[in-house]
Amino acid sequence: MNYNLLNDNQLKAVKHIEGPLLILAGAGSGKTSTMTNRIAYMLELGINPYNILAVTFTNKAANEMKNRVYDLAGENRGLWIMTFHALCLRILRYHSELVGYKAGFVVYDENDKKTALRSVIKNNGLDDKIYSVAYLNKVISDCKEKGMSPADYLKENGDYDIRSKKVYIAYKAYRELLKKNNAMDFDDLLLNCVKLLEENDDVLEYYQNRFRYIMVDEYQDTNYLQYKLIKYLADGYRNLCVVGDDDQCIYEWRGADIRNILDFEKDFPDALTIKLEENYRSDNNILDLANSVIKNNIGRKKKVLWSQKDRGDKITYARLDDEKAEARYIASEILNLKERGYEYKEIAILYRKNILSRSFEECFPHYNIPYRVLAGSRYYDKKEIKDMLSYMRLIENPDDDFAFERVINEPKRGIGKKALEKIKDWAEANGTNCLNALKSQEVLDSLSSKSRGLAIEFTEMIDEISCQLENITLEDIYDNLLVRTGYLSALENQNTIEAETRMENIMEFKSVIANFKGSMDEFNPDEDLRKNRTELGLFLENITLTAEIDNHDEKENAVVLMTMHSAKGLEFPVVFIPGMENGVFPGNNSFDNDKLEEERRLCYVGITRAKKKLYLTSAAERMLYGRRDYMRESLFLEEMDKNLMDGDRIDKEGHNKYRRLQDGYSGEVAAKPFDALKYAKTTIKNKVFNNEDINMGDRVKHEKFGEGLVIETDAKTITIIFDKFGRKKIGKGFVKLEKVGE
DNA sequence: GACATATCTAAAGCC
DNA sequence: TAGATATGTC
């Protein structure tokens, strides 16, 4: 093999395969090629692929690694290169009974989880104002990530506390509900897998013996459970290589623990640490800008990216009048770039919040700019797709009562709220699922004769298709469902444009199925995996474990729009970062110190996506949530080295109109804060001030927004012009306001 | 039970 | 603003 393309440190990492290894890989430092070469090197040494495990966070990363190993070694069969969740799922499939699940268990995604939580809240008579779906979701997820059971939670938070008691009840009920539906959520995959290894020495020994060489990508983003899982698996042979960059830890909010990477050398005192600091991606101006921002973070492993490349172009910063002007400016700049030879697909717009995509979606069609927005999992969020998926899930797993609930009256079968309650009660009383309940004479008798007929038809159809599962293809199951459920004809009868679109989506979904089957044959020749599984089961699993970003087609010639979070691991010749404003980036909820550091890391990630050209923009005014606010420039802009930036500005029509960055904002922009008074009003609800004697004219300090001037008070609210954020109206709550002057 | 109207609230989203 | 959910009405 040819290792000439690697630098010294990369080569050292590739060849160090025995014992623990920490690779600190800065952005764009050739991390993936180091990892893939390392695997190829192991194969070359004759190490059995069966003994190698590489874990990533995204399917995209896993697929890329598989492909690149194939390119290097001509082979990738037998290697386990997959995401944490896929790994756990695969292990659990073989041992589900050991963690108390039935063999065909399904995986619930975020939406299913919320549905389950809603029913938990309802069934336990919890106040959904206090114990909201979002709150419980967060608390339960946090618990699971730390490996805490409901009882552990109660112990830690005190059983005298009413709140923790209620959370305990909800958590426990949620867990039982999922088990009853024979379902695991994403956290359960990890939790149960760790539990499996913890409680079964023989299983642990088997996997330790199997995975003699383990690699973990994006190690800075691992949470406690992932850390523990890896530790268990690696404990046998201790050939563990973790790769990461503490400066790119941007997922603390969902449990990532940056200490995992910072403390790796403590966990493995004999670990070799290799730093990859040479960047092969970006021009030096871009790198220096990134360095000038990230150096403001304390508590990081010091590392300075450098590159042999040219200085390159300066970073362009433009402050525009509002979000529309910002979109027009970026659109016209894209057209300029196009004229200079850039392709649309080389250009990305990376923002902090998904709503920021709106102005571009409205603007770009006028400029004939092709674009693709990558956000969450919107395709599967469509009602008709969810419905069809629920039908499929019910067939695969009759215990899935949520799937049942979703489809039993879709299309209408005259089984509404009341009838559904009856079905659920009967199922509860008889210890079975809803589908079985609907077959019982008692339930059928309680329905009207018309509904009864439809109900019988429904259960017979589900049973029949379930029986055929082994014999007919996935496509046929889908077609069968479309027709026999009456879903398609119900849409046809509607004769509306909306129904038309839904039908198109339903048809389009067929190609998703076809694609799945194609990729199944191509990428997963592993017979083992398919054993005892239905095609349908594999398909559903695949959908749940796939994210929108995985479907990003790099060949499509379109400008791509996504959040900076999604962009991690990607690179583009041209990057635009709009919304460089306090309140947007860093976001309003990030103004305490550790959160700010994470935002700064995100900023670092955003900047380092760019290879040749980087544009930053901000809007003086922005419409957010139906409100127009005056926006201050991001504090990250202040941290950036101005020598690397170009201060030319463009007015709202997109034509040249010079304003200098160094001048501050004289003239029209400086006047904005006063104009903005009539627009800007932000209400923070349910807050109480600690200090009651605050009056008009006082200067106060807010724990999040910093200092400002009080211009209005009444019984419930106080209005302040903050130095950094402009005017905000604050309601009563537990926020500390400190008087700092009169 | 189906449909219409009122109310609320708002990040990031890997798997 | 807009979407999701809760409540009210026929």
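None of these values were measured; they are calculated from a predicted model. A, B, ... follow the sequence lines: proteins, then strands. Residue 1 opens every chain.
Between chain A and DNA chain C, the heavy-atom contact criterion of under 4.0 Å yields a 5' to 3' nucleotide range of dT1(C) to dA6(C).
Within the 4.0 Å cut-off from OP1 or OP2 of dA2(B), at least one side-chain nitrogen or oxygen of Asn409(A) is found. A close approach under 4.0 Å does not occur between any side-chain nitrogen or oxygen of Asn588(A) and OP1 or OP2 of dA11(B). Between dG13(B) and Ser566(A), a contact under 4.0 Å exists linking OP1 or OP2 to a side-chain N or O. Dashed line: the shortest gap from a side-chain N or O of Tyr625(A) to OP1 or OP2 of dA11(B) is under 4.0 Å. Considering only side-chain N and O atoms, Asn354(A) lies under 4.0 angstrom from the phosphate OP1 or OP2 of dA12(B). Between Thr544(A) and dC15(B) there is no side-chain N or O to OP1 or OP2 distance below 4.0 Å.
When distances are taken from the side chain of Lys412(A) to each of dG13(B), dC3(B), dC14(B), the shortest belongs to dC3(B). Counting only heavy atoms from C-beta on, Leu545(A) has its side chain closest to dC15(B) among dA12(B), dA11(B), dC15(B).
Judged by centroid separation below 5.5 Å and plane tilt below 30°, Trp253(A) stacks onto the base of dA12(B).
Classified by interplanar angle (parallel below 30°, tilted 30° to 60°, perpendicular above 60°), the ring pair His565(A)/Tyr251(A) is tilted.
Taking a 6.0 Å sphere around OH of Tyr487(A), one finds it holds more than 12 heavy atoms contributed by other residues, nucleotides or ligands.
Within the nucleic acid shown, Lys568(A) has no heavy atom closer than 4.0 Å to any nucleic acid atom. Contact annotation for Arg358(A): backbone-only contact, meaning every heavy-atom pair under 4.0 Å involves sugar-phosphate atoms and none involves a base. Using a 4.0 Å heavy-atom criterion, one finds that Phe84(A) contacts no nucleic acid atom at all.
A cation-pi geometry, defined here as NZ or CZ lying under 6.0 Å from the six-membered ring centre and within 45° of its normal, holds between Arg93(A) and Phe105(A).
dT9(B) atom C1' lies 19 Å from atom OH of Tyr135(A), rounded to whole Å.
With respect to Arg622(A) and Asp322(A), no salt bridge is recorded, no charged nitrogen being found less than 4.0 Å from a carboxylate O.
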